[in-house]
Amino acid sequence: MSTHYSRRRFLTHSSMGLLAFAGLPRVLQAMEGMHGMPKMTPNKASPNFKPDVEIELFCKPNWVAILQGKKTWVQQYSARLLQGPKDTITEIAGSYLGPIIRLKKGQKVRIHLHNELIQPTVTHWHGLHVPANMDGHPQYTIDPGQTLVYEFEVLNRASMAIYHPHPHEMTAEQVYHGLAGTIIINDEEEAALELPSGEYEIPIVIQDRRFDADNQLVYAGHMRDRMMGFYGDRILVNGHADFQLEVASRAYRLRVLNGSTARIYKLAWDDGTPITVIGVDGGLLEKPEVKPYVMLAPGERLDVWADFSGRSEGSQLVMRSAAFSGVLPKMGMMHHGGSVAVGSEYPIFTVKVTRKVSESHSLPSQLSKINWYKVSDTANPNKPIPIAISEGHMAMLLNGRPYKYDDLQDFERIKVDTIQLMEIFHAHGGMGHGAAATQDSGEDHQSGGMGGMRGGMGMGHKGGMGMMGGMGGMGGGMGMMMAMAHPIHLHGQSFQIVSRSVGAGTEDDYATVSEGFIESGLKDTVLVMPGETVRIIKPFQDFKGLFMYHCHNLEHEDMGMMRDFSVE
């Protein structure tokens, strides 16, 4: 981006500020159509849809104070409530992040998305179970000045979802420049628990960013930044640097989101206090889980019970990212992120106890009831749908292909109202599919863990490795050398993790992260380590149409590590 520096300084003081960040040719190319993506007429409000909640959501440029000194140019969501409960929209004070949108299960919601950028954009409701044409698929991208109306009923259980852009090949850039926010959904099951709320329920959105000498955001300027993912050298929480949380000596509920484009965190309290997890992407666990640390990849969420009772006034506690290895190729591990290199140890935020109180909530022993599926409930118990990850020279692929609209393979067509067994694995060069795979004879999945796993060869889905023909022309050696962790996100309904297994040669790295996975809850994003195979069960209910699956390392997504499932 340094080549555009003088032009950027000029343009950011005008209404055309974005051109300096995105580069003029790219913006013009995007506005002409995105590599074969169809141009849909923006959806308008339906007279038959009677919303309980109606919101105007704006995407627009702004100047925000993030660091000391000059303000930073960002892209930002802002909202206006037209109808619904007063607490539907909550701003995060002084932050570039979009407001928290609070919804209730069963509400009918209408959102008018106004594009006031000079780039095309569309908003995806990450984690929500909504119709395909309301999900923010890139084909529904709108041009500057256009408005897109979303209408859907909240079908999700209590959980925290995300809203962020999803235009083809521009998702990472728009998220990086500030377009992201959280949705908190409540339901009766959760309300009955009387968990900490109000000032005791705190969003923690963790992001890494890089700034130049003028406090302007610097984004990926080199191909290696895209291949490895882009890593900043400053950690921001809720849009603030050096974030400090002042608390009372009582229990809090921390709603944690990894909002980085690529960085993976290993969350741990600095004094060795375990982390108590009460929920993940798809909502509450059945029972709390206590972990020495928790891994958190881009797009993943954690619901953390943080009890500061018994701590003295003035005491401090630091949430850190602890040391780990294996998520990037050895050549890339320590070269990304400067002082906060990937896999190194560094602080994320500080908690300071500023007042002593006597009252506190106690942690419920039972949180929720989840209706688990068995492998025998799936339509394909002996033939999992593959999600094959591969990395090659300037290529990021799923199932052997980069993203292309209307490029469905047979197994990417799924019958509506079915439950599907899926297997996510690494396919480097000619490496046999499921080499590290597990067999699962269909035991109930109650508390996750590795119990249902057994050794042996995995699956024999139709076509074997045939469909992987030519993984970008790379050899196995190149693939293994480039192997890295990928957070795989599936749009639509949450899934459950059946088993995880890791191949030979990666055990030492895996041991640095293995205790940090939560498998006892519903997920929509799962971190798949190099050499690892993850089996999941995912329902495809209610809605037909195209639903994406992709890497949530957003640089990888923009490079083509994304595909569609057609639910038919």
Side-chain angles (χ1 to χ4, degrees), residues 53 84-92 99-107 127-128 154-162 181-206 237-238 245-258 267 269 273-291 294 296 300-311 317 319 349 351 353-371 447-448 494 518-524:
V53 171
K86 286 194 178 67
D87 68 348
T88 299
I89 292 171
T90 309
E91 303 288 341
I92 300 178
I100 300 167
I101 300 174
R102 292 184 177 272
L103 302 173
K104 292 184 176 66
K105 185 176 181 179
Q107 279 179 334
L128 293 193
V154 180
L155 301 177
N156 292 59
R157 65 200 291 262
S159 54
M160 184 165 84
I162 318 168
T182 59
I183 301 169
I184 293 180
I185 299 158
N186 300 115
D187 66 13
E188 291 179 2
E189 181 187 49
E190 179 198 54
L193 295 171
E194 297 185 347
L195 296 169
S197 61
E199 65 178 296
Y200 306 112
E201 180 185 24
I202 298 173
I204 302 285
V205 180
I206 308 171
V237 172
N238 295 349
L245 180 61
E246 295 188 349
V247 301
S249 58
R250 51 154 292 153
Y252 282 73
R253 185 180 186 185
L254 305 182
R255 311 297 294 264
V256 187
L257 160 66
N258 182 346
L267 301 180
W269 293 114
T273 299
I275 294 184
T276 302
V277 179
I278 60 173
V280 288
D281 308 349
L284 293 170
L285 308 180
E286 291 193 310
K287 295 176 180 175
E289 275 211 44
V290 179
K291 293 279 190 180
V294 187
L296 195 66
E300 288 188 302
R301 285 88 75 206
L302 284 173
D303 202 340
V304 172
W305 179 275
D307 193 350
F308 307 113
S309 58
R311 293 184 181 266
L317 188 63
M319 179 66 83
F349 65 92
V351 176
V353 180
T354 56
R355 57 195 172 98
K356 198 85 173 135
V357 296
S358 52
E359 93 282 354
S360 186
H361 282 64
S362 58
L363 176 64
S365 57
Q366 185 71 32
L367 296 165
S368 73
K369 181 76 182 80
I370 297 174
N371 296 317
S447 59
S494 300
I518 310 287
E519 290 151 10
S520 56
L522 297 175
K523 299 280 292 170
D524 57 52

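Minimum interatomic distance between Tyr252 and Val247 (heavy atoms only, all atoms of both residues): OH-CA, 3.4 Å. Val277 and Val280 get closest at one heavy-atom pair: CG1-CG1, 4.4 Å. Taking every heavy atom of both residues into account, Ser365 and Pro288 meet most closely at O-CD, 3.5 Å. Contact between Asp307 and Ala251 at its shortest, heavy atoms only, is OD1-N, 3.7 Å. Across all their heavy atoms, Asn156 and Gly127 have their closest contact at ND2-O, 2.7 Å. The two residues Ile185 and Val154 come nearest to each other via the heavy atoms CG2-CG1, 3.9 Å.
Ion pair Asp187/Arg157 not flagged as a salt bridge, since none of the NZ, NE, NH1 or NH2 atoms sits closer than 4.0 Å to an Asp/Glu carboxylate oxygen. For Glu246 and Arg355, the salt-bridge test fails: no basic side-chain N is under 4.0 Å from an acidic carboxylate O. Salt-bridge formation is detected for the pair Glu201/Arg102: a Lys NZ or Arg NE/NH1/NH2 atom is positioned less than 4.0 Å from an Asp or Glu carboxylate oxygen.
Residues passing the salt bridge (Lys or Arg N to Asp or Glu O under 4.0 Å) test with Lys104: none are found, sequence neighbours excluded.
The line from CD1 of Ile92 to CD1 of Ile100 is 4.5 Å long, rounded to the nearest 0.5 Å. With rounding to the nearest 0.5 angstrom, the CE atom of Met319 is 7.0 Å from the CG atom of Leu254. Taking CG from Leu522 and CG from Asp281, the interatomic distance works out to 9.0 Å, rounded to the nearest 0.5 Å. For the atom pair CG of Leu317 and CG of Leu245, the computed distance is 10.0 Å after rounding to the nearest 0.5 Å. Atoms CZ and OG, from Arg250 and Ser309 in turn, are 9.5 Å apart once rounded to the nearest 0.5 Å. Atoms CD and CG, from Gln366 and Leu193 in turn, are 9.0 Å apart once rounded to the nearest 0.5 Å.
No side-chain heavy atom of Arg253 sits less than 4.5 Å from a side-chain heavy atom of Trp305. The shortest distance between side-chain heavy atoms of Ile204 and Leu302 does not fall below 4.5 Å. Residues Leu267 and Ile206 meet the side-chain proximity criterion, which asks for heavy atoms closer than 4.5 Å. Side-chain contact between Met160 and Pro203 is absent, with no heavy-atom pair separated by less than 4.5 Å. The shortest side-chain heavy-atom distance between Leu195 and His361 does not fall under the 4.5 Å cut-off. The shortest distance between side-chain heavy atoms of Arg255 and Ile184 falls below 4.5 Å. Contact of the Asp524 side chain with the Arg301 side chain is registered, since non-hydrogen atoms from C-beta on lie closer than 4.5 Å.
With hydrogens and angles ignored, the 3.5 Å screen pairs a side-chain donor or acceptor of Lys356 with a backbone N or O of Arg311. Under the 3.5 Å distance criterion, the side-chain polar atoms of Thr276 are left unmatched by any main-chain donor or acceptor of Val290. In terms of modelled atom types and a separation under 3.5 Å, the side chain of Asp303 and the main chain of Leu284 share no donor-acceptor contact. Listed for the Thr182 side chain is no donor-acceptor partner under 3.5 Å among the backbone atoms of Ile162. Panel note: side chain Glu190, backbone Ala192; no donor-acceptor pair is recorded below 3.5 Å.
Surrounding CD of Glu188 are at most 12 heavy atoms belonging to other residues, nucleotides or ligands under 6.0 Å away. Counted within 6.0 Å of CD on Glu194, heavy atoms from surrounding residues, nucleotides or ligands total 12 or fewer; the atom is thus considered open.
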